[in-house]
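Structure first, commentary second.
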Amino acid sequence: MTERAHLAVVGAGPAGLAGALAAAERGVRVTLVDAAEQAGGQFYRQPARPLGARRPKALHHQWHTWERLRDGLERHVSSGRITHLTDHHVWSVQRAPGPSFAVHALLGPAQEEGVTVRADAVLLATGGYERVLPFPGWTLPGVVTAGGAQAMLKGGLVLPGRTVVVAGTGPLLLPVATGLAAAGARVAALVESAGPAALLRHAPALAAQPAKLAEGAWYAGRLARHKVRVLTGHTVLEAHGTDRLEAVSVAALRRDGRIRPGSAHRVPCDTLAVGHGMLAHTDLAGTLGCTLAGTEGTAVRADDEQRTDVPGVWAAGETTGIGGAALALAEGHIAGRSIAARLDGRAPDPRSWAAAARSRSRLRRFFTALDAAYGPPAGWAERLTGDTVVCRCEEVTAGTVRTAADALGAGDLRTVKLLTRAGMGWCQGRMCAPAVAGLTGCPLTADRRPFARPVPLGVLAGLPDA
């Protein structure tokens, strides 16, 4: 009896779940590998089971979609079509003889035990991570990322603080501010650097998605209900405090993105949740040799079937470009159907995913316009003092980075890293690379690393030869 084709899906967020379900429904044996203890990713992050949350749906506004995905996963796990590996931290995906793939992961919280999953094809649904731009005082206790604040609330049912300022730019700020306010925090202000004019410039593309506009209006109503002060066209200049955050300085921006003189004022708070958009996770794709594309060369290029240019590797969701859960679901569904056909030796019929393809096209246009409207404010790098820490891992300051570019002639991120150690720490530049690029004028490019996370030498020594 011929064994069924085997697909490894890396990531159990919206794209990974949609892809796994679509492939399993068409006879593919699927192993779903994810670092979290429960499926859902960041968007559908669930409270830890021991917390006994009575109303977890209060933390989500697309609960019915999550229920459908969750029930589908449970059904396929029970039938043996899907194997769900939780708490598995993938550090590399390698092509192996066959052709096949070896997905290498570290098991458990300690991440000291190695596990290898072999598969005939791989779907990369590794999601994205936040872009955080530094400013004086951003390393104070009490300053967290916007997504980090949301993860604390969704996964731990805890508030990051009592009085919160949510700041930065991008649509993520809306659910973060409304979620914190609904959970009992006093949101002193929502500080958004994009102004109404930026949205009006892209009005036709944005208006083509009325459901998204309605969602934005819903968030606006929630903010008004909780009496959250919304400051559009503003930015955080500095975080103040000694042992922890006590206040932030906020100022209005002119149309050119510079600070409007005389507009700076302080907002008392004990927590600042800040973020400036998202970037795609491409470490595993880069190691496999997948071509990276996107506006900054930091997203995985995929065709109409969500195939990368590496045979046997598909990609879907935020790893192909930031676009939210609905776009991730559409891409994952298309990828799962394509994989099932290709592994069966058939050319897939695009008509079978026509609805998902139409949704994908509309949402891509919408998020392209949204990304243009919500860019970081001009001149943010000029406002960094010389002693502002840019690379937290290696404690490299803005002054040191500027010296590397201006006095020592560094013209790319790798050279800046060699001269300053910025990006050599635990995060390997994932957090500081956008800031270093902005300070130096170097293009922001994704590094190709052999490992996506630190790996114990014992695990490397124990790998099979093939």
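Since the structure is predicted, the reported quantities are computational estimates derived from the model, not experimental observations. Numbering starts at 1 and runs along the sequence shown.
A donor atom on one side chain and an acceptor atom on the other are not found under 3.5 Å apart for Thr86 and Glu37. Of the N and O atoms on the side chains of Asp412 and Thr415, at least one donor lies less than 3.5 Å from an acceptor on the other residue. For Glu318 and His281, the side-chain atoms include no donor-acceptor pair closer than 3.5 Å.
With a 6.0 Å cutoff to the six-membered ring centre and a 45° limit on the axis angle, Lys154 counts as a cation-pi contact of Phe43. Geometrically, Arg453 does not engage Trp426 in a cation-pi contact defined by less than 6.0 Å to the ring centre and at most 45° from the axis.
Between Glu305 and Ser338, the shortest heavy-atom contact is OE1-OG, 2.6 Å. Of all non-hydrogen atoms in Thr420 and Ala404, the two that sit nearest each other are CG2-CB, 3.6 Å. Between Val274 and Val132, the closest heavy-atom pair is O-CG2, 4.3 Å.
Separation of atoms CZ (Arg360) and CZ (Arg364) is listed at 5.0 Å; rounding is to 0.5 Å. How far OH of Tyr374 is from CD of Glu192: 5.5 Å, rounded to the nearest 0.5 Å.
Between the side chain of Gln42 and the backbone N or O of Gly13, no donor-acceptor pair lies under 3.5 Å. Here the side chain of Asp120 pairs a donor or acceptor atom with the backbone of His6 at under 3.5 angstrom.
For the pair Leu106 and Trp91, the minimum side-chain heavy-atom distance is below 4.5 Å. The shortest side-chain heavy-atom distance between Leu21 and His76 falls under the 4.5 Å cut-off.
Results of the side chain to side chain contact (heavy atoms under 4.5 Å, CB included) test with Val166 over Leu172, Leu180, Leu223 single out Leu180 as the only residue that passes.
Within a 6.0 Å radius of CD in Glu67, more than 12 heavy atoms belonging to other residues, nucleotides or ligands are found. Environment of CZ in Arg162: sparse, with no more than 12 heavy atoms of neighbouring residues, nucleotides or ligands closer than 6.0 Å.
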